[in-house]
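The structure appears right after this line, and notes come after that.
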Amino acid sequence: MTEENSNEQQGESPEEARRRKLEKITSLGHDPWGHRFDDRSLIGDIRARAGEVKYILEDGTELDLPTEDELETTPLKQWAAEKGKGKLNGPQVRAAGRIVLHRDKGKLQFIDIEDWTGKIQLFVGQKQVGEENWELIQCLDLGDLIGIDGMLRRTQTGELSIFADKIHFLTKTLDPPPAKHVGLTDPEVRQRKRYVDLAWNEGVRDRFLDRSRIVKSVRDTLQGQGFVEIEGPTLHSIAGGAAARPFNTHHNALDMELYMRIALELHLKRLMVGGMERVFELGRVYRNEGISPKHNPEFSMLEVYQAYGDYESMMDLTEAVISDAIKTIGASKTLPWGEKEINFSTPFERKTYDELFQKHTGVDPQDAAAVKTYASELGFDVEGRHPDVIKSDVFEEKVEDALVGPIFVTDYPASICPLTKRKSDNPDVAERFELFVHGMEVANAYTELNDPDLQQKLFETQLEGMSDEDSMAKMDNDFVTALRNGMPPAGGLGIGIDRLVMLLTNSQSIRDIILFPLLRAEAGN
RNA sequence: GGGAUCGUAGCUCAGUCGGUAGAGCAACGGACUUUUAAUCCGUAGGUCCUGGGUUCGAGCCCCAGCGAUCCCA
């Protein structure tokens with residue numbers, strides 16, 4: 001390196017330095033963007049072969065190395081000295097990954113690479129790899145993707161390492177990585193540049209892999225019980241099945257107003273009329289509402305319908321789905337939740353709506369006048385509103401947040417459940433439950449209403465004081481017609497997949513478990 | 001929609017009373033063939049979110065805006 005060159009390199013930005021090295025890589029005859037790289041092993045699998053590393057004495061005796069724990073106290077160098085002269089031998093391996101850490105000792109470098117199964121150290125010596133490869137190695141930066149061929153062994157300190165015979169350049173990274181071991185902290189940047197967050201922030205990739213495992217587990221559990229996954233329409237002409245404001249859109253050729261679906265319910269029930277006895281859909285729904293740590297405008301919903309079941313069978317199914325998911329990610333029944341804990345041991349607690357109302361408000365839920373007085377004391381608007389709507393406001397305010405759970409809240413006031421079958425001995429109570437965990441609604445299930453005449457009547461009856469947006473009752477003639485063709489008595493269940501993932505991965509914000517949450521458009525974009 | 005807090009180097013953050021813009025990591029140059037966030041010597045790097053205002057002078061004070069986080073509705 002001449003003096004003049006060194007002056008030129010003064011003041012170059014990290015990116016300029018990387019581009020300079022990129023050109024050097026090209027001039028050395030390598031493609032800085034790499035190519036297919038066959039026969040590499042996953043780093044996790046390579047680490048699992050640590051036992052194949054042996055110490056071979058001069059007389060040819062093969063010795064097993066001390067365990068990792070023993071190496072903590074006795075350096076390998078000392079252990080080997082006690083055993084006598086010899087050398088380490090291990091399997092020849094090929095790995096590929098991102099350079100995440102780099103210790104340069106001149107003619108010797110230690111490079112940590114990482115793939116999505118783990119991290120491993122590379123021992124890279126000038127003498128060992130040869131002059132030509134060494135020149136390429138001088139062009140490596142943190143973040144670059146490389147492949148390596150070498151022997152799996154341990155260093156003097158006992159660190160399992162691949163002793164490089166050859167480095168293959170696979171891809172240059174032009175943007176410098178965030179601070180090592182600190183990563184990105186600004187939540188906005190983490191979400192906008194999720195690729196950086198995933199690549200560099202501790203635990204992020206594992207959390208999203210856990211999400212995938214949970215989703216797979218949910219499907220496996222259901223399929224194991226004979227449920228069939230279907231795909232319903234996401235564009236609806238009536239945004240039914242839930243109380244939420246939809247996203248509006250328009251189909252040009254048919255000149256037709258459409259809505260992005262807010263729920264999966266009504267189409268799945270149509271399928272039950274058609275004889276699809278156990279169906280589910282796990283997919284995206286869209287609600288044109290506020291954004292919060294618990295709300296993203298698009299989120300993943302599971303809905304399941306089981307012919308000849310009821311809401312009690314849905315409780316069992318809910319417990320199975322959650323228990324299996326916990327097992328799948330290798331977690332225990334007792335999970336951390338911030339400073340608190342969640343105990344997912346089954347069966348989950350079951351309490352009625354009225355019981356909980358009484359307990360947390362001290363007000364008799366059957367005494368409409370008392371509930372009304374209590375609600376107005378809490379500052380709720382009570383005039384001209386249906387007693388059950390008022391009760392529901394109070395329930396959300398005073399009871400839901402207080403529920404630690406997991407707890408099935410059962411038997412809701414019928415009037416706020418227009419899609420639910422009533423109890424046979426009490427038409428004022430709907431066979432519905434919601435599952436709450438630390439104040440968060442995770443699941444919602446009914447014994448499904450299959451009486452077309454009652455369904456039609458409930459669609460037509462808007463509760464006093466409830467806005468269209470807050471109401472689940474939106475007239476859907478086609479759905480009523482479907483019911484006229486005979487839907488079996490059935491249990492139906494909805495689970496908020498994002499919230500379930502939050503709970504199982506101890507994520508306090510929905511944005512930590514949605515890869516690309518909705519963000520305000522960036523200026524100039 | 002309201003309130004609080006925040007926005008400074010590629011990243012993480014300091015910045016006192018309003019008086020020349022700071023550190024660590026990363027980068028660049030150098031030493032080192034068994035390091036563990038390696039170490040050591042040296043160098044460079046800034047639209048202090050944006051726009052106004054007050055002031056002799058603003059990263060700091062005031063106003064407006066943009067964006068974020070949390071809380072409330």
Side-chain angles (χ1 to χ4, degrees), chain A residues 1-21 24 68 71-72 75-81 87-88 99-114 119-130 134 137-144 153-164 173-193 196-197 199-202 289-295 338 378-381 393 396-397 401 508-512 517-525:
Chain A
M1 197 65 60
T2 65
E3 182 102 354
E4 201 177 329
N5 251 341
S6 128
N7 282 339
E8 243 169 57
Q9 285 161 22
Q10 289 296 351
E12 68 180 354
S13 69
E15 185 191 327
E16 285 162 349
R18 283 163 184 262
R19 288 193 180 277
R20 174 168 52 78
K21 287 183 244 183
K24 181 81 189 295
E68 300 257 344
L71 286 167
E72 291 282 316
L76 188 58
K77 194 175 180 179
Q78 187 188 327
W79 177 89
K87 61 177 185 185
L88 283 169
I99 300 175
V100 292
L101 220 50
H102 183 221
R103 292 172 292 282
D104 185 347
K105 281 193 42 81
K107 297 187 172 66
L108 175 63
Q109 300 191 10
F110 296 92
I111 297 172
D112 290 359
I113 64 166
E114 181 179 64
K119 234 182 265 189
I120 197 160
Q121 172 173 272
L122 313 182
F123 179 108
V124 185
Q126 182 174 18
K127 215 164 57 190
Q128 289 83 344
V129 298
W134 188 249
I137 287 157
Q138 302 316 300
C139 302
L140 300 181
D141 282 304
L142 285 178
D144 289 353
R153 280 193 298 186
R154 286 187 186 274
T155 61
Q156 282 184 4
T157 54
E159 178 79 21
L160 189 68
S161 309
I162 301 173
F163 286 69
T173 297
L174 292 175
D175 284 354
K180 61 182 177 188
H181 306 288
V182 181
L184 287 179
T185 59
D186 183 333
E188 185 196 356
V189 180
R190 292 182 56 191
Q191 287 154 22
R192 287 195 194 279
K193 299 191 174 180
V196 176
D197 189 36
W200 294 98
N201 276 21
E202 184 89 31
E289 295 177 345
I291 293 173
S292 86
K294 290 179 195 169
H295 299 87
L378 289 176
F380 285 110
D381 189 11
D393 283 346
E396 281 178 29
E397 168 91 10
D401 283 353
Q508 314 291 306
S509 169
I510 199 168
R511 298 170 152 226
D512 290 336
L518 187 68
L519 299 168
R520 213 176 288 264
E522 259 186 304
N525 252 347

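Letters A, B, ... mirror the listed sequences (proteins, then strands); counts begin at 1.
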With a 3.5 Å limit on both atom pairs, tell me what [N] is paired to, counting Watson-Crick and G-U wobble, or say none.
N      : value
C13(B) : G22(B)
G46(B) : none
A68(B) : U5(B)
A37(B) : none

Exercise for review: Name all residues meeting the side chain to side chain contact (heavy atoms under 4.5 Å, CB included) criterion together with E114(A); count only those two or more places apart in sequence or in a different chain, and write none if there are none.
Suggested key: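 Side chain to side chain contact (heavy atoms under 4.5 Å, CB included) check on E114(A) returns V100(A), K119(A), R205(A).
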
**Study point:** Set of side chain to side chain contact (heavy atoms under 4.5 Å, CB included) partners for L108(A), sequence neighbours left out
**Key:**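 Applying side chain to side chain contact (heavy atoms under 4.5 Å, CB included) to L108(A) gives K105(A), F110(A), F123(A).
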
Considering only the [atom1] atoms, how many Å lie between [N] and [M], rounded to the nearest integer?
N      : M      : atom1 : answer
G46(B) : G22(B) : P     : 13 Å
A38(B) : A27(B) : P     : 11 Å
G65(B) : C25(B) : P     : 41 Å
C41(B) : U50(B) : P     : 36 Å
A37(B) : G29(B) : C1'   : 23 Å
G53(B) : U12(B) : C1'   : 33 Å
A9(B)  : U5(B)  : C1'   : 24 Å
C72(B) : G15(B) : P     : 29 Å

Study note, to complete from the structure: Whether each nucleotide of nucleotides 46-51 of chain B has a protein heavy atom under 4.0 Å at its base (B), only at its sugar-phosphate (S) or at neither (-) is summarised, 5' to 3', as ------

Practice item. Using a 4.0 Å heavy-atom cut-off, write out nucleotides 3-8 of chain B from 5' to 3' as B (base contacted by protein), S (sugar-phosphate only) or - (no contact). Key: ------

Review point. Is the shortest distance from a Lys or Arg side-chain nitrogen in E68(A) or R154(A) to a carboxylate oxygen in the other one below 4.0 Å?
Key: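 Yes, this pair counts.
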
Review point. Are E15(A) and R19(A) close enough for a salt bridge, meaning some N to O gap below 4.0 Å?
Key: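 So E15(A) pairs with R19(A) through a salt bridge.
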
Practice item. Verify the contact: side-chain N or O of S13(A) to OP1 or OP2 of G45(B), cut-off strictly under 4.0 Å; return yes or no. Key: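 For S13(A), the contact criterion (side-chain N or O under 4.0 Å from OP1 or OP2 of G45(B)) is not met.
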
**Study point:** K180(A) vs U12(B): side-chain N/O to OP1/OP2 distance below 4.0 Å
**Key:**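 K180(A) to U12(B) OP1/OP2: no side-chain N or O under 4.0 Å.
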
Check your understanding: For T185(A) and L101(A), take the nucleotide of RNA chain B holding the closest heavy atom to each; which residue's nucleotide lies nearer the 5' end?
Key ->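 The residue mapped nearer the 5' terminus is T185(A).
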
Point to revise | Most 5' of H102(A) and P177(A) on RNA chain B, judged by nearest nucleotide | key: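 By nearest-heavy-atom nucleotide position, the 5'-most residue is P177(A).
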
Point to revise | E289(A) and H295(A): side chain donor to acceptor below 3.5 Å | key: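 Their side chains do not contain a donor-acceptor pair, so the 3.5 Å distance test is not met.
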
Check nucleotides 31-35 of chain B against the protein and report each pair of N or O atoms closer than 3.5 Å, with its distance, or say if there are none.
from: C32(B); atom 1: N4; to: G106(A); atom 2: N; distance (Å): 3.0
from: U33(B); atom 1: N3; to: Q128(A); atom 2: OE1; distance (Å): 3.4
from: U33(B); atom 1: O4; to: K127(A); atom 2: N; distance (Å): 2.9
from: U34(B); atom 1: O2'; to: Q156(A); atom 2: OE1; distance (Å): 2.6
from: U34(B); atom 1: O2; to: Q156(A); atom 2: N; distance (Å): 2.7
from: U35(B); atom 1: O2; to: R103(A); atom 2: NE; distance (Å): 2.5
from: U35(B); atom 1: O2; to: R103(A); atom 2: NH2; distance (Å): 3.1
from: U35(B); atom 1: O2; to: Q121(A); atom 2: OE1; distance (Å): 3.2
from: U35(B); atom 1: N3; to: Q121(A); atom 2: OE1; distance (Å): 2.7
from: U35(B); atom 1: N3; to: Q121(A); atom 2: NE2; distance (Å): 2.9
from: U35(B); atom 1: O4; to: Q121(A); atom 2: NE2; distance (Å): 2.5
from: U35(B); atom 1: O4; to: T155(A); atom 2: OG1; distance (Å): 2.7

Expected rows: protein N/O vs nucleotides 68-72 of chain B N/O, under 3.5 Å:
from: A68(B); atom 1: OP2; to: R520(A); atom 2: NE; distance (Å): 2.9
from: A68(B); atom 1: OP2; to: R520(A); atom 2: NH2; distance (Å): 3.4
from: U69(B); atom 1: OP1; to: R511(A); atom 2: NH1; distance (Å): 2.7

Review point. Within the distance-only criterion (no hydrogens, no angle test), does the side chain of S292(A) pair as donor or acceptor with the backbone N or O of K294(A) below 3.5 angstrom?
Key: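 Yes; at least one donor-acceptor contact below 3.5 Å.
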
Point to revise | Side-chain donor/acceptor of D104(A) to backbone N/O of Q109(A), under 3.5 Å | key: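 No: the side chain of D104(A) does not pair with the backbone of Q109(A).
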
Exercise for review: Please examine the side chains of R18(A) and D144(A), heavy atoms only from C-beta on, and report whether any two atoms are closer than 4.5 Å.
Suggested key: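 Side chain of D144(A) against side chain of R18(A), heavy atoms only: contact under 4.5 Å found.
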
Practice item. Give one of base, sugar-phosphate or nothing for K193(A), where a contact means two heavy atoms less than 4.0 Å apart. Key: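 Touches nothing.
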
